[in-house]
There are 2 protein chains.
Amino acid sequence: MAVTSESTRLEGTALEAWRSYLQSHAGIVRELDADLIAQHGLTVRDYEVLLYLAQAEERRLPMSALSERTMLTRSGITRLIDGLVGQGLIERVSCASDARVSYARLTDTGYEKLRQAGCTHVAGIQRLFLTHYSADELEQLAVLLGRLPGAGLGAACTAADHGCTAEADTLAADSGGCSVS
Amino acid sequence: MAVTSESTRLEGTALEAWRSYLQSHAGIVRELDADLIAQHGLTVRDYEVLLYLAQAEERRLPMSALSERTMLTRSGITRLIDGLVGQGLIERVSCASDARVSYARLTDTGYEKLRQAGCTHVAGIQRLFLTHYSADELEQLAVLLGRLPGAGLGAACTAADHGCTAEADTLAADSGGCSVS
DNA sequence: TGAGTGTAGTTGACAGGTCAACTGAACTGG
DNA sequence: CCAGTTCAGTTGACCTGTCAACTACACTCA
């Protein structure tokens, strides 16, 4: 018989909740990523970065801002942006008022790419996450998950920001023709 | 004004739920990993593998079984096991009845390591996840998250399996002395 | 004004994982 | 019984991200 302490023992429902939390996340993120790569050659992180830029003033953000939002290190962001610059989706712009900062700015190509990829990505989130719940249940989930550490930061959200701003509205995917006004 | 389609638009509560889901996961996993590395030199994946082995018959599993459970590729598992073998926590054992399979078997050192790390890990899950909820709420979460694709597989669970089997009971952390009967 | 400190970004070395190609062993049907 | 196929595992090439060290600039205060 094992010695157990009430305070640190995982059992029953707590176990279920935690397992489902971890497992579902692994599965869903993996599939979203696979879809996006297959159809648009973008990773979810790439997408996320393009989206942040699209929502930003003048479609540009300093590297450090991107690093905070994505929860990547500054060097991680440098390399990710290198890749997107290579694809022509982003360009680097230096800052007039502070020579230390360098902006990543979304190009027109990048914006177009984002719009196309948005269709895929939003549809994926619908299919893998949202369709499993009623409006009430989504409300419950939002409340419960919102209590966890890290939730509610400006970070680590992927397609989630669709609809956050007027700018983003133009990106909310119309899965049909993906038309934007 | 943007053109939007009802079926693929993310908004309001759905947005909140999805964001919290993603963000909280990133934050929690990152912190659990940091704790485990700092205190025991193990990643969460390492821990997970040791745990699967501890729960298995004769404390050993074929590589392919580990690869399924962890959601790593077979080559990923080969390399992860290489590392744990190097630390003396696991040893490779060939299979008598099928020369293709090679078992990973937990050593006594590995078992001891797992017991120690379990204290840290379970305490972390308590602190970062469980304490934010009542029993009822955990039940709700288990039900809701259990519906998502991937939940309920035998995969991607980390400390979660504490308590799944009699074997695992001996690993359920007593955060005090970590004593085991 | 200029020394010291803090901040933004990049770079080299490396860790951890994937994919594709391979080896060797085990089933299967003429 | 042996040719073809499938399966388990490893390996090489590569990708993505981290950490630590570094550059270059900006702020502060005597």
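Both backbone and side-chain heavy atoms feed into the values below; hydrogens, waters and symmetry mates do not. Because the structure is predicted, anything quoted here is derived from the model rather than measured. Naming convention: chains lettered A, B, ... in sequence-line order (proteins, then strands); numbering from 1 in each chain.
Contact footprint of chain B on DNA chain D: nucleotides with an atom under 4.0 Å from a non-hydrogen protein atom, first to last in 5' to 3' order, D:dC7 to D:dA13.
Looking at A:Y111, its side chain never comes within 3.5 Å of a backbone N or O of A:L106 through a donor-acceptor pair. Side chain of B:T109 to main chain of B:L89: no donor-acceptor pair is present (N/O by atom type, distance under 3.5 Å, no hydrogens or angles).
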Set out, line by line, the N/O atom pairs under 3.5 Å between protein and nucleotides 24-27 of chain C.
| unit_1 | atom_1 | unit_2 | atom_2 | d |
| --- | --- | --- | --- | --- |
| C:dA26 | OP1 | B:A99 | N | 3.3 |

Could you write out each protein N or O paired with an N or O of nucleotides 15-18 of chain C at a distance under 3.5 Å?
| unit_1 | atom_1 | unit_2 | atom_2 | d |
| --- | --- | --- | --- | --- |
| C:dG17 | OP1 | B:R45 | NE | 2.9 |
| C:dT18 | OP1 | B:T73 | N | 3.4 |
| C:dT18 | OP2 | B:T73 | N | 3.3 |
| C:dT18 | OP2 | B:T73 | OG1 | 2.6 |
| C:dT18 | O4 | B:R79 | NH1 | 2.7 |

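Under the rule for a side-chain hydrogen bond (donor to acceptor under 3.5 Å, both in side chains), B:S102 has no partner lying at least two apart in sequence or in another chain. Legend: residues meeting ring pair (Phe, Tyr, Trp, His ring centres under 6.0 Å) with B:H25, ordered by chain and number and at least two apart, are A:Y21, A:H25. With sequence neighbours excluded, the residues satisfying side-chain hydrogen bond (donor to acceptor under 3.5 Å, both in side chains) with B:T73 are B:S75. For A:D33, there are no side-chain hydrogen bond (donor to acceptor under 3.5 Å, both in side chains) partners at least two apart in sequence or on another chain.
Secondary-structure annotation of DNA chain C gives the stems C:1-30 with D:1-30, with a stem taken as at least 3 successive Watson-Crick or G-U pairs whose two distances both fall under 3.5 Å.
In the hydrophobic clustering (ILVMFWY side chains linked at under 4.5 Å, chained through shared members), A:Y103 is joined by A:V93, A:V101. Cluster partners of A:I37 are absent, since no Ile, Leu, Val, Met, Phe, Trp or Tyr has side-chain heavy atoms less than 4.5 Å from it.
The minimum heavy-atom distance linking A:A54 with A:R59 is given by the pair O-CG, 4.2 Å.
Contacts of B:S64 with the nucleic acid, taken as non-hydrogen atoms under 4.0 Å apart, involve only primed sugar atoms and P, OP1 or OP2.
Among B:D35, B:V44, B:L42, the one residue that satisfies the side-chain contact (heavy atoms from CB on, under 4.5 Å) test with B:H121 is B:V44.
Within the structure, every pair that satisfies the salt bridge (Lys or Arg N to Asp or Glu O under 4.0 Å) test and touches residues 131-146 of chain A, not counting sequence neighbours, is listed here: A:E137-B:R147. Sorted by first and then second residue, the side chain to side chain donor-acceptor pair (under 3.5 Å) pairs with a member in residues 83-94 of chain B read B:D82-B:R92, B:E91-B:R105; sequence neighbours excluded.
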